[in-house]
There are 2 protein chains.
Amino acid sequence: MTAPVAKTVKPPRKTGPRAVAKDASGARKLVKAAQSAGDGAPSETPKGPRAKAGEARKAAILKAALAVFARQGLDGASVEAIAQAAGISKANLLYYHPSKDALYLAVLEQGLALWLAPLSRFTEADDPAEAIAALIGAKLVLSRDHPEVSRLFALEMLRGAPLLKPVLAGPLKAVFDAKVAVIQAWVAAGKLSRVDPPHLIFAIWALTQHYADFAVQVRALSGKTLSDKAFMDETQAAITALVLDGARRR
Amino acid sequence: MTAPVAKTVKPPRKTGPRAVAKDASGARKLVKAAQSAGDGAPSETPKGPRAKAGEARKAAILKAALAVFARQGLDGASVEAIAQAAGISKANLLYYHPSKDALYLAVLEQGLALWLAPLSRFTEADDPAEAIAALIGAKLVLSRDHPEVSRLFALEMLRGAPLLKPVLAGPLKAVFDAKVAVIQAWVAAGKLSRVDPPHLIFAIWALTQHYADFAVQVRALSGKTLSDKAFMDETQAAITALVLDGARRR
DNA sequence: TCCATGTTTGACCAAATGGTCCAAGTTCGA
DNA sequence: TCGAACTTGGACCATTTGGTCAAACATGGA
């Protein structure tokens, strides 16, 4: 078990700014974060230099934490290791993020918008082939530029998504259903072959995320990484071609 | 760190049968296992009832370990938890498998053959469409019947494949290259469209494994699981159709 | 039947780890 | 300039956990 249960009622002595409640169901936080994922305005409160610096440090910690969590997993990562990666002491890290779990939640929350965004970008009015190609492109860019985010979510899925399940069942399902409808409409309008919409979406996710999540394997077998411009282009072309036209000779 | 380094030289007092050496590079073991993956004969030594029972118990432990490791990861799983899942005491588990790492290695080793098998099943002589469909089918069956194996390997990839890298670079790459050549030949012979062979293989892996690794998400969004016969068939059809013919209308 | 060999477990140990505390700096703003 | 509030980290604590050990318990074969 990660979080030891306090025998005695611990006095809420927390001093840190914005001590995140390690509420049993941080899941709720994630759902809210997902819902407001599109909103551009992050926060309106005017900040003094103190608060701003604090915010920056908090972000730096989050960045370090993402890197470590994405590689080692929640259990494999030690707070000490994350602190070290962030260049501060463990105690100091715990000053900004009240607990390892809270930190993990914050990291997840931070990646959520990025992770959910690409799907919400096409509508019935778009040209199917273009829209699909664009979705593939967007997800692939994400796999190249933020592979840790992809890995973190993959890790979370493999765990059974204890924290994410509500997000999946709520906000994500909403977008998903909407896009399924869009694809369905395309098919009905004869603009697309008789594909199965849900599976098409799964396919695009699987194909693109694979290059982040299984990067080691891709690298071991092909010798390349998405960071190689040529390989990136080649991959995007290959996936797009496959999804749009398949492998069978016409 | 998972394995505390013994300060004093610990006398090799191990009594358990077949104490697996927790050699720094258990990776070598995996490579050997992978190479002999095809061999049917498991072992020829005639066994007394004692040894046979031991073997059975060892296998039971492996099964329990697979289940736990695949969900919790190497670090998240406690030996105690695995022992409990296997219905024995921790000390007893450690009698059969000398250390957590050795157990993990054994689990990985056990899953390896299953994991590597499907790819090695097609040759240039086969009909491309049929061979590809068969590969998809085989991998999907694996995702349905042994999702834990898929998850375990996914977990390993996400960690950066510390143990598997040699397998990837060795035996797997060998098969991979061979199959790339086969696909290349098909393309050259005009039996297949101008696909990129490596990416086609990656695609098939990604598409099929997705349903095991991201099962929670698939379930949350579609409400179905591969265990549902109808969904299984539908999925297989969808993936096969996509890979062979794509989504674009002809 | 008897015991050598294999099996099982509770007790125990040391290291690692999440988290707390407090004393010693910093720094902003009045 | 001065102090109240914010930061920082070393020391410390309790729990978890991988692993050991010795003593009790089976059991198959002579």
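By convention in this document, chain letters (A, B, ...) are assigned in the order of the sequence lines, proteins followed by strands, and residues within each chain are numbered from 1.
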Practice prompt. Take the protein atom CG of B:L93 and the nucleotide atom C1' of C:dT7, then report the distance between them rounded to whole Å.
Written response: 13 Å
Fill in: Test side-chain contact (heavy atoms from CB on, under 4.5 Å) applied to A:L66 and A:V107, A:I82, A:L108, the passing residue
A:V107
Discussion item. I want to confirm an ordering. Mapping A:A91 and B:S89 to their closest nucleotides on DNA chain C, which one lands closer to the 5' end?
Written reply: B:S89
Discussion item. Nearest whole Å is fine: how far is C:dA16 P from B:D101 CG?
Written reply: 14 Å
Worksheet item: NA contact type, A:A77, heavy-atom cut-off 4.0 Å: base, sugar-phosphate, or nothing?
Response: sugar-phosphate
Practice prompt. Give the C-alpha distance, both sets of side-chain angles, the deciding distance and a yes or no for side chain to side chain contact (heavy atoms under 4.5 Å, CB included) between A:Y211 and B:F202.
Written response: CA-CA 9 Å; A:Y211 290 84; B:F202 290 150; 3.6 Å; yes
Discussion item. For a quick check, tell me whether the side chain of A:K90 and the base of C:dG19 share a donor-acceptor pair closer than 3.5 Å.
Written reply: yes
Discussion item. Ignoring hydrogens, what is the shortest heavy-atom contact between B:L226 and B:M232? Give both atom names and the distance.
Written reply: O-CB, 3.4 Å
Practice prompt. Would you please confirm or rule out a distance under 4.0 Å between OP1 or OP2 of C:dT7 and any side-chain N or O of B:Y95?
Written response: yes
Worksheet item: Atom NZ of B:K100 and atom C1' of D:dT20: how far apart are they, to the nearest Å?
Response: 17 Å
Worksheet item: Are any of B:N92's side-chain N or O atoms less than 4.0 Å away from OP1 or OP2 of C:dT9?
Response: yes
Discussion item. Can you tell whether the side chains of B:E156 and B:R159 come within less than 4.0 Å, N to carboxylate O?
Written reply: yes
Item to complete: Could you state the atom-to-atom distance from CD1 of B:I82 to P of D:dG18 in whole Å?
Response: 8 Å
